Participant: 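Sharing a structure, written as structure tokens. Questions coming.
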Amino acid sequence: MREYETIAAISTALGESGVSIIKISGDRSKEITAKIFKQKSNKDFLDAKPWTISYGHVVDMVSEEIIDEVLVSYFKGPRSFTAEDVVEISCHGGRVATESVLNAVFQAGARPAEPGEFTKRAFLNGRIDLSQAEAVIDIIHAKTELSMKSALSQSGGKLSQEITELRNQILNLLAFIEVTVDFPEEDLEFTTGQEVSEKLRGMLLQVSDLIRTSEEGKILRDGLSIAIIGKPNVGKSSLLNALLRENRAIVTDIPGTTRDIIEEYLNIDGIPIKITDTAGIRETEDIVERIGVDRSKGKIDEADLIVFVLDSSRPLDQEDKDIIKYIDNRKSITLINKVDLQEKMDLQGLDLGETIGVSALNGYGINELKKRIKDLFFHGSIEVNDLMVTNRRHKEALLRAYEKMSAAKSAIDQGISLDLAAIDLNAAWNYFGEITGDTLAEDLVDKIFSDFCIGK
Ligand code: GDP
């Protein structure tokens, strides 16, 4: 195992709470803790047994003044989160208690952990691979139970296993090719080529199955983004409220709530949904309004789905028609709102794609809308026990690996030399390795961990 400095950080959220946990990892964890931790039993913490919890006080190293009353857990490496010696101090919550204990730990010789450094060590020490490490952060950020379940399955190593198997199969093919190329006089090239091509056919199917899960996977991880559009007073805000009434997702950060754009998170049967109520997208000369309009248009361009709202109690007008052009060629659902009122709208001759009659006011049709949204993006029921690719980086690596494997297969099928196919297979092997982190450049690995929070 590599040697690292001993690091420490607060692993729980800072704020008023019952308990906070300070995590320490590295060869000197125990020794550092022993300097500031006085056990109630008067035993020396240096003699503590692994995987036990001790009770006592954290004291100032110099004055021996009591700082806080704590419980201390000791995990001996490699059977710990980082695979190093880990100590976790559970102290009182709240900023003052937590930071005082952390400062005592720093004084005793630990240095502040960088964002994601604990998980990075678990990766560098070989306890988990990169895709598992990335899943740890997805668990923390999971927006619904379903997203959580899929992240948990990835952190358990399901994706890694499949990728490792694919890499091994490629290695076997490469070995096979090498033998053939080394003994050209045996005239094996033709039969070997056929066999390799056949194996590649099966593997390509396997990889494309994985890639196919990524549309659903991305939605589970990042949420489906929906933009509600329509002219003023058709019922956009009422619709958003009707959806939020039962399905508001519990999220801590709702960014981007501005005067002209409202964003909310919904949870529809486990699918996290980010829904944007775009105020105006009409043409305007007013500079301030123009900025709002541009921002709304940006949101519409980014959205996975557009929900276009019409007011059925008023005749269709030019403003409605101007907005209709935004749904051109996009995944969209048109809502004919206010069906509880007398109908005054004639939609004949208009191509509006899927339409649903709703009343945002009394909730009529809202369930139908949710069902259609689900059907549009998830085929059948959502079963996250199956392997799902949720991370865009993984998807891109899979696409590149697929490309190289197909290139290898066509080279073989066209009777081009096996040597050339081997180069492509090698590249595919490397791309797969980027997912597990085996072949990813160090700076890219660093970048991934720097997006983590401190203390994880
Ligand atoms: P927005 O400007 O598109 O966001 O529209 P609002 O949601 O503010 O709705 C405009 C007006 O239409 C409000 O007075 C709503 O109460 C009313 N409204 C919205 N949906 C319905 C509906 O389904 N039926 C009826 N009768 N009124 C509705």
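In each ligand, atom 1 is the first atom listed, and ligand 1 is the first ligand listed. Because the structure is predicted, anything quoted here is derived from the model rather than measured.
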Participant: Does CD in Q342 sit with more than 12 non-hydrogen atoms of other residues, nucleotides or ligands closer than 6.0 Å?
Facilitator: no
Participant: Has D277 got a side-chain atom pairing as donor or acceptor with L240's backbone, closer than 3.5 angstrom?
Facilitator: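 It does not hold such a pair.
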Participant: Counting only heavy atoms and a distance below 4.0 Å, can you name the residues contacting ligand 1?
Facilitator: K231, P232, N233, V234, G235, K236, S237, S238, N337, K338, D340, L341, S359, A360, L361
Participant: Using a strict 4.0 Å threshold on nitrogen-to-oxygen distance, state whether R314 and D311 make a salt bridge.
Facilitator: yes
Participant: Does any N or O in the side chain of W429 come within less than 3.5 Å of the main-chain N or O of N168, such that one atom is a donor and the other an acceptor?
Facilitator: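 Not confirmed, W429 side chain does not pair with N168 backbone.
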Participant: Within a radius of less than 6.0 Å around CZ of R111, do more than 12 heavy atoms belonging to other residues, nucleotides or ligands occur?
Facilitator: yes
Participant: Is it the case that atom OH in Y364 sees more than 12 heavy atoms from other parts of the structure closer than 6.0 Å?
Facilitator: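 Atom OH in Y364 is not crowded, with 12 or fewer foreign heavy atoms closer than 6.0 Å.
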